[in-house]
Amino acid sequence: AQSVTQLGSHVSVSEGALVLLRCNYSSSVPPYLFWYVQYPNQGLQLLLKYTSAATLVKGINGFEAEFKKSETSFHLTKPSAHMSDAAEYFCAVSEGTALIFGKGTTLSVSS
Amino acid sequence: DAGVTQSPTHLIKTRGQQVTLRCSPISGHKSVSWYQQVLGQGPQFIFQYYEKEERGRGNFPDRFSARQFPNYSSELNVNALLLGDSALYLCASSLEDRGLYEQYFGPGTRLTVT
């Protein structure tokens, strides 16, 4: 069974600082990987996905993620944090018909 | 275009009761999946339906069941509710049932079991 580990349940950054949210996966086959964002009392919104094309994936709202097979990682980054980025972020791997999610990382942004 | 819609938004039930949650996918999407999100955790996969057939089932008891209708909308039923069933239930739709297709989530139904 595949799994996802998100290192750091809570990340705090200042506005304008680099955002780095970590995700490691375990998969016996080339994975499909996703990052989702969830704002309070809302559903999940897709930020970006990796489906074995380019290893650097650009998403919405200035986020991007790099697939590193040797490190089994798919970390999410944004060069400059904005207050509106404060939310819960989930990394997920596709297993058959299901998405397997990590436990999530709460991003706080201070002014 | 409208996104994934779910009803009701909130629901309060008593232990032992039964509940039905509803989901309408994005127009043109044939696959619907259901997830349970307990507070402070990531969503957990319950079911996936594609063209009215069950294509995947997560590790949930038989008290959980679902179906998909000819118009691709879906219902999730939970019988004999337990306190532990209190969660946000998310529905997601995708074009096809293969993993490379992204899933689009609805706002969820918040179920509280007392």
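Note that the structure is a prediction, hence the values are computed from the model and not measured. Below, read A as the first sequence line, B as the second, and so on, with proteins coming before strands; counting in each chain starts at 1.
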Colleague: Are A:Leu56 and A:Phe67 connected, step by step, through hydrophobic side chains (Ile, Leu, Val, Met, Phe, Trp, Tyr) whose heavy atoms are closer than 4.5 Å?
Modeller: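 Unlinked, A:Leu56 and A:Phe67 end up in two clusters.
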Colleague: Which residues end up grouped with B:Val38 if you chain together Ile, Leu, Val, Met, Phe, Trp and Tyr wherever their side-chain heavy atoms are less than 4.5 Å apart?
Modeller: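 Answer for B:Val38: none, a lone residue.
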Colleague: Is B:Leu76 linked to B:Leu81 within one hydrophobic cluster, defined over Ile, Leu, Val, Met, Phe, Trp and Tyr using a side-chain heavy-atom separation of less than 4.5 Å?
Modeller: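 Yes, one cluster joins them.
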Colleague: Considering only heavy atoms, which portion of A:Leu46 lies under 4.5 Å from any heavy atom of chain B: side chain, backbone, both, or neither?
Modeller: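 Interface part for A:Leu46: side chain.
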Colleague: Out of B:Pro43, B:Gly56, B:Gly58, which one racks up the most heavy-atom pairs below 4.5 Å with chain A?
Modeller: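 That would be B:Pro43.
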Colleague: Determine, using the 4.5 Å side-chain heavy-atom cutoff (strictly less than), whether A:Phe90 and A:Leu47 are members of one ILVMFWY cluster.
Modeller: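 No; tracing contacts between hydrophobic side chains, which count when under 4.5 Å, never links both residues.
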Colleague: Could you note down all residue pairs passing disulfide bond (SG atoms under 2.5 Å apart) where residues 23-114 of chain B supplies at least one of them, sequence neighbours left out?
Modeller: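 Every pair satisfying disulfide bond (SG atoms under 2.5 Å apart) with a residue in residues 23-114 of chain B: B:Cys23-B:Cys91.
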Colleague: Considering distance alone, list the donor-acceptor pairs between chain B and chain A shorter than 3.5 Å.
Modeller:
residue, atom, partner, partner atom, Å
B:Tyr35, OH, A:Leu99, N, 3.0
B:Gln37, OE1, A:Gln38, NE2, 3.0
B:Gln37, NE2, A:Gln38, OE1, 2.9
B:Gly99, O, A:Ser94, OG, 3.4
B:Leu100, O, A:Lys49, NZ, 3.3
B:Glu102, OE1, A:Lys49, NZ, 2.4
B:Gln103, N, A:Tyr36, OH, 3.4
B:Gln103, O, A:Tyr36, OH, 2.7

Colleague: Quick one: hydrophobic cluster around A:Leu18, which other residues, with the 4.5 Å side-chain cut-off, linked directly or via members?
Modeller: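 So far as hydrophobic clustering goes, A:Leu18 is joined with none.
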Colleague: If you count every heavy atom of other residues, nucleotides or ligands that lies below 6.0 Å from B:Asn71 atom CG, does the total exceed 12?
Modeller: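 Yes, the 6.0 Å shell around CG holds more than 12 heavy atoms from other groups.
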Colleague: So what's closer than 4.5 Å to chain A heavy atoms on B:Leu88: side chain, backbone, both or neither?
Modeller: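 The side chain, not the backbone.
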